[in-house]
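Taking it in order: structure first as structure tokens, then the write-up.
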2 protein chains.
Amino acid sequence: MPGPIQSIERAAAVLRLLASGARRMGVGELARALELPKPTVHGILRTLQLVGFVEQSPDTGKYQLGAALFHIGSSYLDGNELRTRALNWSDSLAARSMESVRIGTLHEAQVLVVHHVFRPDNSRQVLEVGALLPAHACAMGKVLLANDPVGHVDDEPLKAFTNATITDLDRLSDALEQVRQRGWASDVEELVEGEVSLAAPIRDRRTVTVGAIGISGPIERLCDADRQPRTELVSYVREAARSISRELGAIPW
Amino acid sequence: MPGPIQSIERAAAVLRLLASGARRMGVGELARALELPKPTVHGILRTLQLVGFVEQSPDTGKYQLGAALFHIGSSYLDGNELRTRALNWSDSLAARSMESVRIGTLHEAQVLVVHHVFRPDNSRQVLEVGALLPAHACAMGKVLLANDPVGHVDDEPLKAFTNATITDLDRLSDALEQVRQRGWASDVEELVEGEVSLAAPIRDRRTVTVGAIGISGPIERLCDADRQPRTELVSYVREAARSISRELGAIPW
DNA sequence: CGCACCGTACGACATTGTCGAACGGCATTC
DNA sequence: GAATGCCGTTCGACAATGTCGTACGGTGCG
């Protein structure tokens with residue numbers, strides 16, 4: 001039976017839609033979006049509700065993601081070796097750099113944040129674990145794209161977030177080439193005005209890049225007067241990346 | 001067609017199993033656990049892999065949860081009104097109490113942690129968002145059980161974690177009655193030796209308890225000499241819970 | 001070498017999910 | 001206040017769909 005199971009595929013599509021929609025959605029709404037008959041969607045929703053993957057508002061009748069899905073999804077982190085091994089090192093990187101630290105993997109041409117350490121200054125910060133960042137506009141993304149065997153670029157036109165965002169494909173591949181040579185990447189106000197990020201690759205025992213670790217913060221703290229990343233911060237990040245890689249078995253010595 | 005869709009139910013069971021197993025599992029292993037033929041399980045896995053809900057190790061051939069599931073699951077938090085509204089208040093509760101703060105909901109007789117603020121002292125702490133805590137052995141759980149319309153207790157014998165854990169059903173319902181009267185709950189070394197937690201209920205506009213907020217920390221800081229929770233901490237927690245409830249529309253004045 | 005186990009492929013069968021049509025409830029409209 | 005639109009939900013016949021016995025190639029172990 002080499003072929004996917006239709007109903008499961010559809011159920012996944014429903015969940016994806018509910019996840020992207022941000023708000024609750026009705027049966028008809030989902031049916032229209034998926035181009036499926038309403039009763040079909042309803043059957044799927046009923047089953048997903050039974051297993052706790054979606055919940056239904058008692059009053060409006062609309063559906064949203066369920067708690068069980070959240071809990072199961074978060075168990076992904078337990079099995080994620082990259083994240084487990086990186087826990088200690090990211091803490092110490094945060095302490096040394098005094099900036100917030102994130103660890104990410106490439107997922108469908110975007111950066112999936114699997115770990116996030118807040119900047120150690122007690123400021124109010126939002127947890128970004130589970131979020132997807134645009135790969136072409138952040139340092140972690142560039143690191144991952146530069147070392148990606150599958151060319152994940154050229155899927156779609158590159159979206160601009162600020163006027164420093166790289167939107168040209170040629171310029172991006174030049175930048176990626178530079179990242180490959182230097183061994184680290186930076187993003188200077190390419191995703192958020194005034195924000196800078198630095199990142200370096202994490203490799204496993206097969207020397208494949210499996211993730212990236214990076215810091216991010218305001219440009220005044222991360223860059224010098226020439227808008228260049230401060231060298232000591234770059235080395236902190238690269239050292240952290242190397243330490244994690246060593247723990248994953250990439251560097252035998 | 002009032003009846004769940006078999007394949008989706010089974011797919012959910014596979015995911016649950018993979019989530020609980022902590023490590024990677026093989027097709028045969030899953031098939032045996034679910035009492036299903038191997039090819040059936042394989043078909044499900046193939047589909048789940050296609051949609052990114054599971055991943056397969058290239059070398060061992062075993063399966064584990066996938067990144068897509070993690071990302072979709074984490075979107076649950078965006079739609080969770082309780083958590084959204086509670087963000088600010090939990091930060092300030094952490095600042096006032098100088099302890100770590102958690103927000104939880106009842107999920108299948110356990111406490112699902114939907115938010116977690118670290119203790120503001122730069123110490124190394126593990127993020128517990130997405131985790132499930134035993135309801136009868138923590139303060140948030142007691143608050144939720146005490147205000148639960150469905151009697152979620154008596155499902156199974158109560159598991160002991162320390163020798164202070166309440167394992168007797170009658171003693172538990174006495175404790176819950178006290179929680180209802182006082183309006184807050186405590187757990188003194190009932191889950192972890194040396195650890196204490198305090199919690200209060202969060203109600204929504206229908207005055208239904210939809211969650212709980214609480215702090216936890218070492219007994220020396222949370223309790224006085226008589227092992228009684230310190231009153232000022234209790235009021236901090238209760239005030240935070242009331243503020244969130246008011247924001248959810250529970251208290252009109 | 002042979003055995004046991006793995007993940008995977010095939011394909012006949014009937015179980016299973018699909019989806020057009022229809023129902024009751026709720027707003028809104030005229 | 002009847003009419004209309006939309007909603008989430010149910011029914012049930014049909015056939016498409018997924019199920020699962022059987023079998024294959026690969027790997028590790030004794």
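Note that the structure is predicted; figures quoted are calculated from it, not measured. Throughout, protein chains are lettered first and strands after them, A, B, ... in sequence-line order, and every chain is numbered starting at 1.
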Exercise. How far, in whole Å, is C:dC13 from D:dC14 if one measures between their P atoms?
Worked result: 22 Å

Exercise. Expressed in angstrom and rounded to an integer, what is the separation of A:E29 atom CD from D:dT9 atom P?
Worked result: 14 Å

Less than 3.5 Å apart, which donor and acceptor atoms pair up between the side chains of residues 125-140 of chain A and the rest of the protein, not counting sequence neighbours?
unit_1: A:Q125; atom_1: OE1; unit_2: A:R119; atom_2: N; d: 2.9
unit_1: A:Q125; atom_1: NE2; unit_2: A:R119; atom_2: O; d: 3.2
unit_1: A:Q125; atom_1: NE2; unit_2: A:S123; atom_2: O; d: 3.3
unit_1: A:Q125; atom_1: NE2; unit_2: A:S123; atom_2: OG; d: 3.1
unit_1: A:E128; atom_1: OE1; unit_2: A:R102; atom_2: NH1; d: 2.4
unit_1: A:H136; atom_1: NE2; unit_2: A:K159; atom_2: O; d: 2.7

Exercise. What integer distance in Å separates B:R46:CZ from D:dC20:P?
Worked result: 14 Å

Exercise. Counting just side-chain N and O atoms, does A:T40 come under 4.0 Å of either OP1 or OP2 of C:dT18?
Worked result: no

Exercise. In Å, rounded to the nearest 0.5 Å, how long is the span from CD1 of A:I202 to OG1 of A:T105?
Worked result: 8.0 Å

Exercise. Under the ring-ring contact (aromatic ring centres under 6.0 Å, His included) test, which residues partner A:H115, sequence neighbours left out?
Worked result: none

Exercise. What integer distance in Å separates A:I8:CD1 from C:dG17:C1'?
Worked result: 12 Å

Exercise. Tell me: CZ of A:R24 to P of D:dG8, nearest whole Å?
Worked result: 14 Å

For this session: Between D:dG21, D:dT9, C:dG7, spot the one nearest the side chain of A:K38, thanks.
Result: D:dT9

For this session: Round to a whole Å and report the spacing from CD of A:E35 to C1' of C:dC19.
Result: 15 Å

Exercise. Looking only at side chains, do B:R203 and B:S245 share a donor and an acceptor under 3.5 Å apart?
Worked result: no

Exercise. What distance separates B:T47 OG1 from A:I5 CD1, expressed to the nearest 0.5 Å?
Worked result: 4.0 Å

Exercise. By ring-ring contact (aromatic ring centres under 6.0 Å, His included), which residues pair with B:F70, not counting sequence neighbours?
Worked result: A:Y76

Exercise. Does anything in residues 47-56 of chain B reach DNA chain C, meaning a heavy atom under 4.0 Å, and if so which residues?
Worked result: B:Q56

Exercise. If only side-chain N and O atoms of B:R32 are considered, is one of them under 4.0 Å from the OP1 or OP2 phosphate oxygen of C:dC6?
Worked result: yes

Exercise. Can you tell me how far P of D:dT19 sits from CD of B:E9, to the nearest Å?
Worked result: 11 Å

For this session: Indicate whether OP1 or OP2 belonging to D:dC7 is found under 4.0 Å from a side-chain N or O atom of A:Y63.
Result: no

In a table with atom names and distances, give each donor-acceptor pair under 3.5 Å that connects a side chain of residues 8-15 of chain B to protein atoms at least two apart or in another chain.
none

Exercise. What heavy-atom pair brings A:A94 and A:V117 nearest, and what distance separates the two atoms?
Worked result: CB-CG1, 3.8 Å

For this session: Can you tell me the distance, in whole Å, between the CG atom of B:L30 and the C1' atom of C:dT8?
Result: 15 Å

Exercise. Is it the case that B:E247 and B:W89 place a side-chain donor and acceptor less than 3.5 Å from each other?
Worked result: yes

Exercise. Taking only side-chain nitrogens and oxygens of A:H42, does any of them come within less than 4.0 Å of OP1 or OP2 of D:dT9?
Worked result: yes

Nucleotide N/O to protein N/O under 3.5 Å, stretch nucleotides 13-16 of chain C:
unit_1: C:dT16; atom_1: OP1; unit_2: B:Q6; atom_2: NE2; d: 3.1

Seminar exercise, completed: Here the distance between atom C1' of D:dG18 and atom CD1 of A:I44, to the nearest Å, is 14 Å

